[in-house]
Amino acid sequence: MRGLKDKVVIVTGGGSGIGSAICTRFCEEGSVVAVLDLNGPGAEAKAAAIRAAGGRAKAFQVDISDQKMVNAAVASVERELGPVDVLVNNAGWDKAGNFLDTDKTLWEKVVAINLYGPLNMHHAVLKGMSERGRGRVINIASDAARVGSSGESVYSFCKGGLVAFTKTLAREFASKQINLNVVCPGPTDTPMLKEVCGDSELGQKLYEGFKRAIPFKRLGQAEDIPGAVAFLASDDAAFITGQVLSVSGGLTMAG
Ligand code: NAD
């Protein structure tokens, strides 16, 4: 992929699942990766594994829903690794349930992580990108934002908001040569999917149902996602902004 060598890349939620695979891919491309995660040991382990493989990475423990912590973490990244070239907002969380069985405590947690988290990250990173007149943002939403997802109403509300937010910022920051795009995974076999489905009979039905619904007849794997993210961060995507790309084995085919 062209233009990723030596770029400073922040990946939120880089300590697990899809984020971990995205970190690996950017390191393979010669980028310098800041692994941001609430799970400090998870982020440390990922950064150490990248360094052991000859790559460049550093871990930063941060709760993306906490604006002060985010601002401090981004300042540390820029001080220790250099100005941020690419931001990948990947961290996310959900707990499945029917909407009427959910309460405000759960809504607040889902919104804090999946909406305020990306808001905080964009706010902390875009100022510097604007001043430099370059930058890439790739937001990891979900096919839930495009076609809905049973049992994930509030999460879908957030991911749909993230898509609309990305398109709006793509317009606002185009004059600064900053590209913002969205990648929507479908059901992907990660710790999050296992947690969302749970061990119940219903959860297992959901898990098997996903496979049947996907034209490729398999769940996504974390490693299916980073190619699209790396492409959108690369020089080859310099004229692409405000777009939404599903990586879901054909689950959604949007025009
Ligand atoms: P995961 O649970 O394996 O990893 C998520 C990571 O985010 C974890 O390391 C976790 O510690 C971190 N995180 C959670 N809350 C955080 C916070 N407040 N601050 C910082 N880090 C935090 O999940 P995953 O499946 O790899 O999901 C990655 C992204 O892909 C999420 O945005 C998710 O919504 C999206 N997605 C996943 C699926 C799927 O089926 N797995 C489908 C569509 C979209």
Side-chain angles (χ1 to χ4, degrees), residues 10-25 34-47 59-70 72-74 87-96 108-121 124 138-152 154-163 166 182-198 203 206-207 209-211 213-214 218-226 228-229 244-249 251-252:
I10 287 181
V11 182
T12 68
S16 174
I18 293 169
S20 168
I22 292 171
C23 290
T24 301
R25 177 59 186 263
V35 186
L36 268 62
D37 207 297
L38 179 64
N39 175 358
E44 289 290 352
K46 183 68 205 177
F60 299 83
Q61 184 178 17
V62 58
D63 178 351
I64 57 164
S65 66
D66 180 330
Q67 191 175 23
K68 274 197 186 140
M69 233 177 154
V70 164
V74 170
L87 166 64
V88 183
N89 281 302
N90 162 81
W93 182 83
D94 193 24
K95 182 168 185 256
E108 283 176 349
K109 180 167 178 184
V110 173
V111 169
I113 297 172
N114 298 291
L115 269 185
Y116 274 100
L119 277 187
N120 292 333
M121 291 302 307
I138 296 100
N139 288 322
I140 308 299
S142 167
D143 267 1
R146 311 190 92 178
V147 293
S149 177
S150 302
E152 296 194 291
V154 183
Y155 171 84
S156 304
F157 160 81
C158 295
K159 294 296 192 179
L162 183 58
V163 170
T166 309
V182 179
V183 169
C184 286
T188 306
D189 204 5
T190 67
M192 179 176 166
L193 187 72
K194 291 194 180 84
E195 200 185 322
V196 166
C197 289
L206 211 61
Y207 196 79
F210 283 142
K211 288 189 204 166
I214 296 170
R218 69 166 177 85
L219 290 173
Q221 297 299 314
E223 292 69 25
D224 287 317
I225 313 299
V229 178
V244 184
L245 176 60
S246 282
V247 182
S248 55
L251 182 66
T252 20

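We count ligands from 1, going down the list as the structure has it; atoms in each ligand are counted the same way. Along the sequence shown, residues are numbered consecutively beginning with 1.
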re atom 21 (N) of ligand 1, the protein heavy-atom contact at minimum distance is Leu38 N, 3.1 Å
Any N or O on Thr188 sitting closer than 3.5 Å to an N or O of ligand 1? yes
Side chain or backbone, does Asn114 bring an N or O within less than 3.5 Å of an N or O on ligand 1? no
Using a cut-off of 6.0 Å, state whether more than 12 heavy atoms not belonging to Tyr116 lie near its atom OH. no
Proximity to ligand 1 by part of Ala141, non-hydrogen separation under 4.0 Å: backbone
Short N or O distance, Ser142 and ligand 1, threshold 3.5 Å exclusive: no
Measure the distances from the heavy atoms of Pro187 to every atom of ligand 1 and state whether one is below 4.0 angstrom. yes
Look only at the side chain of Thr188 and the backbone of Gly186, and say whether a donor-acceptor pair between them is shorter than 3.5 Å. yes
Atom 13 (N) of ligand 1 sits nearest the protein heavy atom Ala91 CB, 3.9 Å
Got the closest protein heavy atom to atom 3 (O) of ligand 1, with its distance? Ser16 OG, 2.7 Å
Separation between CE of Met121 and OG1 of Thr12, rounded to the nearest 0.5 Å: 6.0 Å
For the residue pair Lys46 and Thr24, establish whether any side-chain heavy-atom pair is separated by less than 4.5 Å. yes
About how many Å separate CD1 of Ile113 and CG of Leu38, when rounded to the nearest 0.5 Å? 7.5 Å
Can you check which of Thr12, Asp189, Val62 brings a heavy atom nearest to atom 20 (C) of ligand 1? Val62
Among all protein non-hydrogen atoms, which one is nearest to atom 11 (O) of ligand 1, and what is the separation to 0.1 Å? Asp37 OD1, 2.6 Å
Look at atom 23 (O) of ligand 1 and say which protein heavy atom is nearest, naming residue and atom and giving the distance to 0.1 Å. Met192 CB, 3.1 Å
OG1/Thr190 to CD/Glu195 distance, rounded to the nearest 0.5 angstrom? 9.5 Å
How many angstroms lie between OG in Ser156 and CG in Asp143, if you round to the nearest 0.5 Å? 10.5 Å
If you measure every N or O of Thr190 against every N or O of ligand 1, does any of those distances drop under 3.5 Å? yes
Pair Cys184, Val244 - check side-chain contact (heavy atoms from CB on, under 4.5 Å), show working. CA-CA 7 Å; Cys184 286; Val244 184; 3.6 Å; yes
In ligand 1, the atoms that come under 4.0 Å of a heavy atom of Gly186 are 38 (C), 40 (O), 42 (C), 43 (C)
Please state which option from Ala73, Ser246, Ser248, Gly13 has its nearest heavy atom closest to atom 6 (C) of ligand 1. Gly13
Using 0.5 Å steps for rounding, measure from the CG atom of Leu206 to the CD atom of Glu152. 8.0 Å
Heavy-atom pair with the smallest gap, counting every atom of Val183 and Val247: CG1-CG2, 3.9 Å
Close N or O approach (Leu36, ligand 1; < 3.5 Å): no
Identify the closest protein heavy atom to atom 32 (O) of ligand 1: which residue and atom is it, and at what distance? Asn90 O, 2.6 Å
In terms of residue, atom name and distance, what is the protein heavy atom nearest to atom 17 (C) of ligand 1? Ile64 CG1, 3.6 Å
Applying a 4.0 Å heavy-atom criterion (strictly less than), which segment of Glu195 is in contact with ligand 1: side chain, backbone, both, or neither? neither
Under 3.5 Å: N/O of Gly19 near N/O of ligand 1: no
Closest protein heavy atom (residue, atom, distance) for atom 14 (C) of ligand 1: Gly92 O, 3.9 Å
Derivation of the side chain to side chain donor-acceptor pair (under 3.5 Å) call for Lys109 and Ser65: CA-CA 9 Å; Lys109 180 167 178 184; Ser65 66; over 6 Å; no
Shortest non-hydrogen contact from Phe60 to Ala73? CD2-O, 4.4 Å
Could you give me the CA-CA distance, side-chain angles and deciding distance for Ile10 and Val74, then say whether side-chain contact (heavy atoms from CB on, under 4.5 Å) is met? CA-CA 9 Å; Ile10 287 181; Val74 170; 4.3 Å; yes
Would you mind listing which atoms of ligand 1 come within a distance below 4.0 Å of any non-hydrogen atom of Asp63? 17 (C), 18 (N), 19 (N)
